Novice: 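Dropping the structure in here first, questions after.
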2 protein chains.
Amino acid sequence: MHLDDTDLKLLALIQSDDSISVDLMAKRVGLSKTPCWRRLQKLEKAGYIKRHVALLDADKLELGVSVFVQIKTNRHDASWASEFANIIAEFPEIVEFYRMAGEYDYLMRVLVKDIPAYDHFYKRLISATALTDVTSNFAMEQIKYTTELPLPLNK
Amino acid sequence: MHLDDTDLKLLALIQSDDSISVDLMAKRVGLSKTPCWRRLQKLEKAGYIKRHVALLDADKLELGVSVFVQIKTNRHDASWASEFANIIAEFPEIVEFYRMAGEYDYLMRVLVKDIPAYDHFYKRLISATALTDVTSNFAMEQIKYTTELPLPLNK
DNA sequence: GTTGAAAAGGCCGAACC
DNA sequence: GGTTCGGCCTTTTCAAC
C-alpha cells in the first residue's frame with residue numbers, strides 16, 4: 001500500500017493530537033470531511049494506526065524515575081529467548097525492551113517511583129530469570145520523550 | 001489532589017485504550033455515565049492526562065531501527081545544558097533523551113529507517129553540537145514497547 | 001453517588017457531482 | 001477527489017433523587 005503526502009500529514013496530525021474532530025483534521029490537511037474520514041478508516045484497517053491512547057503524567061503519578069538496565073546472558077537459544085520475552089511482558093515496570101547488537105545482549109527501560117522501588121523490582125527480576133551480568137544506569141532527568149515517529153514530512 | 005481506586009482504574013483504562021465511549025468506560029470501572037465523565041474532566045484538568053494520541057506502526061512506516069546513543073561532555077554549566085536541550089528538541093529522530101547518573105552524561109534513543117539513515121543523523125548531530133564522546137548502540141529488535149505507566153492497581 | 005433526558009455536535013454512510 | 005443530507009450515536013449538561 002502506498003501512502004501519499006496527505007496520508008502522512010494525517011498520521012503526523014493524529015500521532016500529535018488525537019482529540020480533535022474529523023472535521024478539524026480535514027481542514028488541517030486540506031480535505032473535506034468525508035474523504036478525510038475515509039482515509040482514516042483505510043489507515044486504521046491497513047494497520048498504520050496501532051492504537052489510540054491517553055498519555056499520562058509520570059511525575060504526577062510518582063513514576064518519574066527511569067532506569068536503563070543492560071543485560072548479558074550466556075543463553076542464546078530461541079526457546080530461552082521466547083521464555084525470557086514472556087517474563088518481561090509480565091513486568092509492567094519494564095516499559096521498553098530491546099535485543100541489542102554489541103557488548104550487551106539486552107537493554108530495558110524500567111519505570112519506578114524511586115530507588116527503593118527499583119531495588120524491589122530488581123530482586124523480583126533476578127529471582128524470575130537468573131541472569132548473569134546486569135548493569136543498572138539511572139536517569140536523573142527525562143529531558144525529552146515523545147511517541148511521535150519522525151515521519152518524512154518537512155522536507 | 002488525591003486519587004482513589006476508581007480514578008486509577010480509569011487512568012489505567014484510557015492509557016490502554018482511549019477509543020471507547022465514556023459509557024463503556026463507566027461500565028468497566030463500575031460507575032454510571034455522568035460521574036465517570038466528571039472524573040475524566042477532573043483528571044484532565046488536574047493534568048494527570050497529558051494528551052490523547054494515536055500510536056503508529058513504526059515497522060510499517062519504515063522506522064524500525066532504534067539506536068541508543070551515550071554521550072559524554074566536558075561542559076556542565078546550566079546555559080550549555082539548556083542550549084543542548086533546545087537542539088535535541090529540534091531533531092524529530094530523537095524520541096527520548098535523558099540526563100544520566102554514572103559514566104555517561106546523556107542517553108538518547110534515536111529512531112531511524114536503517115544504518116545509512118543513522119549515519120546521516122549522526123553527522124547532523126555532531127555538526128550541530130560539537131560533542132566529545134559519543135557511543136552508538138544498535139537495537140536489533142524491539143521486544144516490548146508500551147506507553148502505559150505501571151500504576152499501582154493489581155495489588 | 002444514581003437515573004433519565006434533552007440539546008448540541010460528531011460520526012458514518014449513501015447518493016450525488 | 002468534491003458536496004449535501006440524513007439517521008444515529010456520543011458528548012455534555014441539567015434536573016431530580
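A note on names: the letters A, B, ... follow the listed sequences, proteins ahead of strands, and every chain is numbered from 1. All values derive from a computational prediction rather than experimental measurement.
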Novice: Does this structure show an ion pair linking Arg51(A) with Glu148(B), if we count only N-O contacts that are shorter than 4.0 Å?
Specialist: yes
Novice: Would you please classify the geometry between the Tyr98(A) ring and the Phe68(B) ring as parallel, tilted or perpendicular, with 30° and 60° separating the classes?
Specialist: perpendicular
Novice: Would you indicate what Ser21(B) reaches in the nucleic acid, counting non-hydrogen atoms under 4.0 angstrom: base, sugar-phosphate, or nothing?
Specialist: sugar-phosphate
Novice: Tell me: CG of Leu31(B) to P of dT2(C), nearest whole Å?
Specialist: 5 Å
Novice: Could you state the atom-to-atom distance from NZ of Lys27(A) to C1' of dG2(D) in whole Å?
Specialist: 15 Å
Novice: Within this structure, what is the CD-to-P distance between Glu44(B) and dT12(D), rounded to whole angstrom?
Specialist: 10 Å
Novice: Is any side-chain N or O of Trp37(B) closer than 4.0 Å to OP1 or OP2 of dT12(D)?
Specialist: yes
Novice: From C-beta outward on Lys33(A), which listed nucleotide comes closest to its side chain: dC11(C), dT11(D), dT2(C)?
Specialist: dC11(C)
Novice: Taking the nucleotide of DNA chain C with the closest heavy atom to each, which residue, Asp23(A) or Gly30(B), is nearer the 5' end?
Specialist: Gly30(B)
Novice: Can you see if the side chain of Arg38(B) gets near the phosphate of dT12(D) - specifically, an N or O under 4.0 Å from OP1 or OP2?
Specialist: no
Novice: Atom CD1 of Ile20(A) and atom C1' of dG10(C): how far apart are they, to the nearest Å?
Specialist: 13 Å
Novice: Rounding to a whole Å, what distance do you find between Leu40(A):CG and dG10(C):C1'?
Specialist: 13 Å
Novice: Side chain of Thr34(B): nearest nucleotide among dT3(D), dG4(C), dG2(D)?
Specialist: dG4(C)
Novice: Check this for me: does any side-chain nitrogen of one of Asp119(A) and Arg124(A) sit under 4.0 Å from a carboxylate oxygen of the other?
Specialist: no
Novice: Does Asp77(A) pair with Arg75(A) as a salt bridge, N-O distance under 4.0 Å?
Specialist: yes
Novice: Between Ile14(A) (CD1) and dC11(C) (P), how many Å, whole number?
Specialist: 13 Å
Novice: If you only use heavy atoms from C-beta on, which nucleotide in dG1(D), dT12(D), dG1(C) is closest to the side chain of Gln41(B)?
Specialist: dT12(D)
